[in-house]
Amino acid sequence: MKLHMFPRLAVAPPIPGRGLTQPRLEGSRVSDVVAIKDQVEAAVQAALSQVLPAELAGTDPVVRRSDRADFQANGTLAVAKKAARSPRDIGADVAGRLTGLTAEVSGPGFLNITVPDELVWSAVSARLADDRLGLTTPRSGERVVVDYSAPNVAKEMHVGHLRSSVIGDALVRVLSHLGADVTRQNHIGDWGTQFGMLIQYLDEHPQVSWKGRGAETMSALDGLYKTARAEFEADPAFADRSRARVVALQSGDDATLSMWRDLVAESEKAFEVIYDRLGILLDGGDFDGESRYNDALSDVVDHLLRTGIATESDGAVVAFTDGVTGPDGDPVPLIVRKKDGGFGYAATDLATLRLRVDHYKADRILYVVDVWQALHFRMVFDIARRAGWLPDTVQAEHVPFGTVLGTDGRPFKTRSGKTVRLADLLDDAEAAIRAVLEAKEHDFADAELDAVVHAAGMAAIKYADLSNTRTKDYVFDVDQMVATTGNTGVYLQYAHARVRSILRKASAAAPAQLEPMAAGSAAANVMPVDITLPAHPTEKALALILDAFDATLRDVALALEPHRLCGYLYDVATAFTRFYDACPVMKADDDAVRANRLALCDLTGQTLATGLDLLGIRAPQRM
RNA sequence: GCGCCUGUAGCUCAGUGGAUAGAGCAUCUGCCUCCGGAGCAGAAGGUCGGGGGUUCGAAUCCCUUCAGGCGCACCA
């Protein structure tokens, strides 16, 4: 069996900054593996530059995947007019100068390009030999702060926290994997006048129990909060005592602070239980509550007043952004300090922005928050820029997402119109997937089944959330999300498990050579790939899709859209089933053919597992 | 009123300048001596909300219009 070094197309290196979605940042590590598409792009660009007059050198070759060939280059059409030549003529000229690729002019001047099988197998081999599957780190050197999840102390997490948590986490994972230095921040609501009410109520009703009740703690607190609120509204005397309690809290009264700390600590414990269950990276170290910024708020207001960015209006301190007006045509204010002297959340957001720039040295700050708050962030960013807290070198982005709807098309509520608890949602998904799995044949022991149910239930929920365009609303439909067919998390987990099953079988059949692979180790370069073998169309199709993993992740990081990764993984899975249907693997009658196919299986499995992991979804070995 | 988001097959959705607009579900037809059929191949199904414009080329960019959702002073 022949083993080769990985051949590459012999072309000039790509011109920096051309043909890349995003300019490479300083210090970025360039992987040894160059994607086939990038090689093709570089080759066509080089040929195009030879053919065109000097001033048109560097023309984008516009290389895309094609139905009619492996790739097509459309750049000839775009440049034809400038070059005063026919696109077909240019195409023919370019095709003649391409070496190592088959190219022919088609239609009005498209260049249909076919890559040699040898190049395809080399790419599979090279990615398999790399512990990062050939993924680059285009985000290295970039410091990113991601603000997401943000539940409220003394309240249960509910459906409204799902999307921020799940999307934010996926973005954190992808950006980190691409080399960014990511700081997670969970800006929990742990401060404000509502705690005066709750603490006062607890103080007056020492007999009520809420602490240390595990999962019940939060629901008890949530109930007490509502009771306290009702009393606040019904009883003026209690309202007065509550207001006094706010003052006590803000002035650091020991007894009050101690109760507040209990509330925060118990709440954080409960949040972490949910994060663990959902597989969210956030933990105790990521809490960055509003209380942390309390001392900075008067500073923020003073500075804005001093610089004239903010003014007093109707007793409140407000700032305006050009062009933002309300229904009456009047400018809409951003309220940094309320009439009663309390601070609005605008003040807190400005303070956090300042810290994230000054202390965390962020290059990019992301707010994964529902789309309703778009106007708020627009104004906060505008005012922070004018105040000098947010320099032009730092990018602050609101990453908005749509609403989770019920099957009635309205924001998701329980039948009685109440907010849906996040924990209940997770229970529902697990129950639904359990029913599905139990209906199938399986040989799982109870504990294993529970583990699979958990993994698949969370996958169902998270994938359903991530696979839709972020900014759109989507309907929360449990039956659809646990479907085993179509573009669902469960289907991808299954596809992965199936690949692992094949590889297990292979390692049993050929113990010595393939041993390391069985453990799922990345040391899969023990698997020999014979690059001289012809590639079946479905093998090639699969390999070319696997080759696009890196480009897909770059897109996700750029657009901050995890659904692109979902779509990509689904493409991988469907390309795999086509391949597997057409090409016998274990039953291949030739050892070399089998080895190549196993390599494809291995790369598919690792790509799916890595991709799912970047979405925050587990990939069980068996389903 | 202003702003933002959305409008693509019966349903749920991909597709941010390239050739006949793609999946899944549902419907219909083939392929089962099948390495996990949770599959594969095929058929049918679309005025890409409407109308202008830019371009060699538009679901995609610009303008306009219609429909739906959301936001617009002391909640976050």
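Between the side chain of A/T469 and the base of B/rA14 there is no donor-acceptor pair of N/O atoms closer than 3.5 Å. Between the side chain of A/D581 and the base of B/rC34 there is no donor-acceptor pair of N/O atoms closer than 3.5 Å. Residue-to-nucleotide contacts include no donor-acceptor pair under 3.5 Å from the side chain of A/E290 to the base of B/rA76. On a pure distance criterion of 3.5 Å, a polar donor-acceptor pair joins the side chain of A/S313 and the base of B/rA73.
In this entry the distance linking NZ of A/K587 with P of B/rC35 reads 4 Å, nearest Å. In this structure, A/L375 places its CG atom 16 Å from C1' of B/rG69, rounding to the nearest Å. Rounded to whole Å, the distance from CZ on A/F444 to C1' on B/rA38 is 13 Å. With rounding to whole Å, A/F412 atom CZ is found 20 Å from B/rC70 atom C1'. Atom CZ of A/R564 is separated from atom C1' of B/rG15 by 10 Å (rounded to the nearest Å). Look at CG on A/L77: it is 11 Å from P on B/rG57, rounded to the nearest Å. Protein atom CZ of A/R470 is 14 Å distant from nucleotide atom C1' of B/rC4, rounded to whole Å. In this structure, the CG atom of A/L492 is 19 Å from the P atom of B/rG36, given to the nearest Å.
Nearest heavy atom pair, residue A/P400 against residue A/T471, reads O-CG2, 3.9 Å. The shortest non-hydrogen separation linking A/A455 to A/Q493 is O-NE2, 3.3 Å. Counting all heavy atoms, side chain and backbone alike, A/H161 lies closest to A/P151 at NE2-CA, 3.4 Å.
Two residues are said to be in side-chain contact when any heavy atoms from C-beta on lie closer than 4.5 Å; A/V556 and A/Y568 fail this criterion.
If A/K472 and A/V499 are placed on RNA chain B by their nearest nucleotide, the residue sitting closer to the 5' end is A/K472. Comparing A/V79 and A/T403 along RNA chain B, the residue whose closest nucleotide (by nearest heavy atom) sits nearer the 5' end is A/V79.
Here the side chain of A/N468 pairs a donor or acceptor atom with the backbone of A/A464 at under 3.5 angstrom.
A sub-4.0 Å separation between OP1 or OP2 of B/rA41 and a side-chain N or O of A/R578 is present. For the pair A/S467 and B/rC13, the criterion of a side-chain N or O lying under 4.0 Å from OP1 or OP2 is not met. Here A/R504 does not reach the OP1 or OP2 of B/rC35: none of its side-chain N or O atoms lies under 4.0 Å away. For A/T485, a side-chain nitrogen or oxygen approaches OP1 or OP2 of B/rC25 to under 4.0 Å. Remark: A/T577 is in phosphate contact with B/rC40, judged by side-chain N or O atoms under 4.0 Å from OP1 or OP2. Remark: A/H398 is not in phosphate contact with B/rC4, judged by side-chain N or O atoms under 4.0 Å from OP1 or OP2. For the pair A/K155 and B/rA76, the criterion of a side-chain N or O lying under 4.0 Å from OP1 or OP2 is not met. Within the structure, every side-chain polar atom (N or O) of A/Y580 is placed at least 4.0 Å from both OP1 and OP2 of B/rG37.
A/G326 comes within 4.0 angstrom of a base, heavy atoms only. No engagement by A/T348 is indicated, since no non-hydrogen atom pair under 4.0 Å with the nucleic acid exists. Using a 4.0 Å heavy-atom criterion, one finds that A/C583 contacts the bases of the nucleic acid, with or without backbone contacts as well. Counting non-hydrogen atoms under 4.0 angstrom, A/V436 reaches nothing in the nucleic acid. Residue A/N112 is in base contact, counting any heavy-atom pair closer than 4.0 Å across all strands shown. A/A78 comes within contact range of at least one nucleobase, with a heavy-atom separation under 4.0 Å. A/A497 comes within 4.0 angstrom of a nucleotide base, judged by non-hydrogen atoms across all strands. The residue A/H563 sits close only to the backbone: its heavy atoms come under 4.0 Å of sugar-phosphate atoms, none of a base.
Spacing of C1' atoms, B/rC32 relative to B/rG39, comes out at 11 Å, to the nearest Å. As rounded to the nearest Å, B/rG46 and B/rA9 have C1' atoms that lie 5 Å from one another. Atom name P, nucleotides B/rG18 and B/rG57: the rounded distance is 14 Å, in whole Å. Rounded to whole Å, the P atom of B/rG49 lies 15 Å from the corresponding atom of B/rC13. B/rG15 and B/rU6 are spaced 16 Å apart, taking the C1' atom of each and rounding to whole Å. B/rA44 and B/rA23 are spaced 13 Å apart, taking the P atom of each and rounding to whole Å. Nucleotides B/rA59 and B/rA67 are separated by 24 Å at their P atoms, to the nearest Å. Between B/rA58 and B/rG51, the two C1' atoms lie 15 Å apart (nearest whole Å).
For A/D190 and A/S291, the side-chain atoms include at least one donor-acceptor pair closer than 3.5 Å.
Nucleotide B/rG18 has B/rC56 as its partner under the Watson-Crick or G-U criteria, with both atom distances under 3.5 Å. Across every strand in view, B/rC28 sits in a pair with B/rG42 that passes the Watson-Crick or G-U test at under 3.5 angstrom. Across all strands shown, B/rC72 pairs with B/rG1; the Watson-Crick or G-U wobble distances both stay below 3.5 Å. With a 3.5 Å ceiling on both atom-pair distances, B/rU33 lacks any Watson-Crick or G-U wobble partner. Base pairing of B/rA67: its partner is B/rU6, meeting the Watson-Crick or G-U wobble criterion (both donor-acceptor distances under 3.5 Å).
Side-chain proximity of A/Y491 to B/rA38, B/rA73, B/rA19: nearest is B/rA38. Nearest to the side chain of A/I335, among B/rC74, B/rG36, B/rA23, sits B/rC74. Distance from the side chain of A/P584 is smallest to B/rC35 among B/rU12, B/rC75, B/rC35.
Within the cation-pi definition used here (under 6.0 Å to the ring centroid, within 45° of the axis), A/R64 does not qualify as a partner of A/F71.
Each of A/V572, A/L615, A/L569, A/I617 was scored for a side-chain contact (heavy atoms from CB on, under 4.5 Å) with A/L492, with one residue passing: A/L569.
Residue ring and nucleobase are stacked for A/F110 and B/rA19, with a centre distance beneath 5.5 angstrom and an angle between planes beneath 30°.
Within 6.0 Å of atom CG in A/D330, more than 12 heavy atoms from other residues, nucleotides or ligands are found, so the atom counts as buried in its surroundings.
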- [ ] Decide side chain to side chain donor-acceptor pair (under 3.5 Å) for A/S149 and A/S165; before the verdict, give the C-alpha distance in whole Å, the side-chain angles of both, and the deciding distance to 0.1 Å.
- [x] CA-CA 4 Å; A/S149 194; A/S165 304; 2.9 Å; yes
